[in-house]
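Per chain, numbering begins at 1; letters A, B, ... match sequence-line order.
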Protein chains: 2
Amino acid sequence: MAQRKNISDAVVRRLPRYLRYLSEMHEHGVPRISSRELGERMGLTPSQIRQDFSHFGEFGQQGYGYRVGDLLAAIRHILALDREYHMVVFGAGNIGQAVAKYPNFSERGFLIDALFDTDPELVGKKVEGIKVLHWDKAAQYLKNHSVDIGVICVPHAAGQEVADRLIQGGVRSIWNFPPRDLSVPEDVLVENVHLSESLYALVFRSKHRDTCGGQKG
Amino acid sequence: MAQRKNISDAVVRRLPRYLRYLSEMHEHGVPRISSRELGERMGLTPSQIRQDFSHFGEFGQQGYGYRVGDLLAAIRHILALDREYHMVVFGAGNIGQAVAKYPNFSERGFLIDALFDTDPELVGKKVEGIKVLHWDKAAQYLKNHSVDIGVICVPHAAGQEVADRLIQGGVRSIWNFPPRDLSVPEDVLVENVHLSESLYALVFRSKHRDTCGGQKG
DNA sequence: TAGATTGTTAATCGATTAACAATC
DNA sequence: TAGATTGTTAATCGATTAACAATC
């Protein structure tokens, strides 16, 4: 019954985690898994796992469970990871370079085609084989290239301006690192990675260790 | 009625966001804010905001709202950001260095005292004024220094081993970047930052743009 | 005082868990 | 066949929203 209703954010956040566990099992040659056993490994209830999968179709077999390889392929497809994505990164500082150099991304089909910065020290150089262009070239670049995802790694004061440029250039998915919420049109998606807020949450739970607890994030 | 019940993760994740908005308002000299107006700015309902705050005490005034400065100080205290934290980072690669160099952290009292790596090219050098030590020195270091937070930025195959070393050395809060869940004793807290999973969630929502939507993360 | 807005209690909504018929 | 396990419907649990008395 592939996707009748809206998928809740809670489910969306669990999908990549299923992918990770299944990938690992698949690499280890595990041929089948039941929701009970997967739940034990991941710390979820079997009910939740079956409920989650049922949003997208029927992937298991009564009395048997799930074929790891098939389920893995299905989730990869559900997450739309069976294609390539073209990305550009604004801001070639620490975080921008870390993103550009992160090997998992290119392996997984996330291709970083260009870096943009204003620093004359950086512009014209290459980082990990990716050319660093000046911001002034961005509009031109976006006109001539199809970009699926724009990554914002500039200081937070410049974040909104960069977002505006990306949107102006037709980019509709933004991965946003600076600690500021962006205002964007309805049809543009923003995924935030706010490192400080993650750290603050850790510190809070650490202070209130007794009342909270466990592994999060 | 400061913290009678457990604080849900949803609330914990909103607290840093309140802090961010209030900081900004405070910097702009805004003296007061009502839950209605704060809700409008943040995209939350006034009810939720009042409900959230009420977990920790009474910070407002009927008919008036909240004094921005006071509320900011209260939330800073609730988040335990009114003290310093000593951190060590394992893995001085791209992400480890990005964390070490991130200026917001030291400004906010998150002090990175040491980096650990195995790469002989890096060991002995300094990154942003922080000495890079060999992993072999970690046990010794942890014996002699009080470390509040251990940051894991090593390749994911080494993550669990590093976690074990940190825990062995008495560290009870771990900020974990590699894409693998750690197994830790009950009294150890782990906060995960799984970049790929964040990116996958963006891609999923992008594919199903109509059924999901908005700003997340 | 009158208007505004809080903190809290009650109602609603949504997500998780349990139960179970279907069936491999 | 008997045992196991699915997909789904129903029950429960928790989080969000609405309502409102208290009061600045």
Given dT5(D), dT8(D), dT5(C), the nucleotide with the shortest approach to the side chain of Gln62(A)
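Looking only at heavy atoms from C-beta outward on Gln62(A), the closest nucleotide is dT5(D).
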Find which nucleotide of DNA chain C each of Val11(A) and Tyr64(B) is nearest to by heavy atoms, and output the residue with the more 5' nucleotide.
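Mapping each residue to its closest nucleotide by heavy atoms, the 5'-most match is Tyr64(B).
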Residue whose closest nucleotide on DNA chain C lies nearer the 5' end, Gly65(B) versus Leu44(A)
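So the residue in question is Gly65(B).
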Calculate the interatomic distance between [X] atom [atom1] and [N] atom [atom2]; express it in whole Å.
{"X": "Ile49(A)", "N": "dT5(D)", "atom1": "CD1", "atom2": "P", "value": "13 Å"}
{"X": "Asn6(B)", "N": "dA15(D)", "atom1": "CG", "atom2": "C1'", "value": "14 Å"}
{"X": "Met42(B)", "N": "dT16(D)", "atom1": "CE", "atom2": "P", "value": "13 Å"}
{"X": "Gln48(A)", "N": "dG14(C)", "atom1": "CD", "atom2": "P", "value": "18 Å"}
{"X": "Glu58(B)", "N": "dT5(C)", "atom1": "CD", "atom2": "P", "value": "18 Å"}
{"X": "Phe53(A)", "N": "dT5(D)", "atom1": "CZ", "atom2": "P", "value": "15 Å"}
{"X": "Phe56(B)", "N": "dG7(C)", "atom1": "CZ", "atom2": "P", "value": "13 Å"}
{"X": "Gln51(A)", "N": "dT8(D)", "atom1": "CD", "atom2": "P", "value": "9 Å"}

If you compare every side-chain N and O of [X] against the phosphate oxygens of [N] (OP1, OP2), does one of them come in below 4.0 Å?
{"X": "Arg50(A)", "N": "dG7(D)", "value": "no"}
{"X": "Arg14(A)", "N": "dT16(C)", "value": "yes"}
{"X": "Gln61(A)", "N": "dC24(C)", "value": "no"}
{"X": "Thr45(B)", "N": "dT16(D)", "value": "no"}
{"X": "Arg32(B)", "N": "dT5(C)", "value": "yes"}
{"X": "Tyr66(A)", "N": "dG7(D)", "value": "yes"}

Could you identify the nucleotide paired to dA18(D), looking across every strand shown and requiring Watson-Crick or G-U wobble geometry with both distances under 3.5 Å?
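dT9(C) is the nucleotide pairing with dA18(D).
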Using both distances under 3.5 Å as the test, list the Watson-Crick or G-U wobble partner of dC24(D), or none.
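Paired with dC24(D), as far as the under-3.5 Å criterion goes, is dG3(C).
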Find which nucleotide of DNA chain D each of Pro46(A) and Ala10(B) is nearest to by heavy atoms, and output the residue with the more 5' nucleotide.
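Here Pro46(A) is the residue nearer the 5' end.
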Less than 4.0 Å between a side-chain N and a carboxylate O, is that true for [Y] and [X]?
{"X": "Glu191(A)", "Y": "Arg13(A)", "result": "yes"}
{"X": "Glu24(A)", "Y": "Arg20(A)", "result": "no"}
{"X": "Arg83(A)", "Y": "Asp148(A)", "result": "yes"}

According to the interplanar angle, ranging from 0 to 90°, do the rings of Phe110(A) and Tyr200(B) count as parallel (below 30°), tilted (30 to 60°) or perpendicular (above 60°)?
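Parallel, since the angle between the ring planes stays under 30°.
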Counting the atoms with a prime plus P, OP1 and OP2 as sugar-phosphate, which does Ser47(A) contact under 4.0 Å by heavy atoms, base, sugar-phosphate, or nothing?
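The answer is base, as Ser47(A) lies within the cut-off (heavy atoms under 4.0 Å) of a base atom.
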Does Gln168(A) have more than 12 heavy atoms from other residues, nucleotides or ligands lying within 6.0 Å of its CD?
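Counting other residues, nucleotides and ligands, CD of Gln168(A) stays at 12 neighbours or fewer.
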Counting only N and O atoms by type, is there a donor-acceptor contact under 3.5 Å from the side chain of Asp113(A) to the main-chain atoms of Val88(A)?
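Looks like no, no N/O pair under 3.5 Å.
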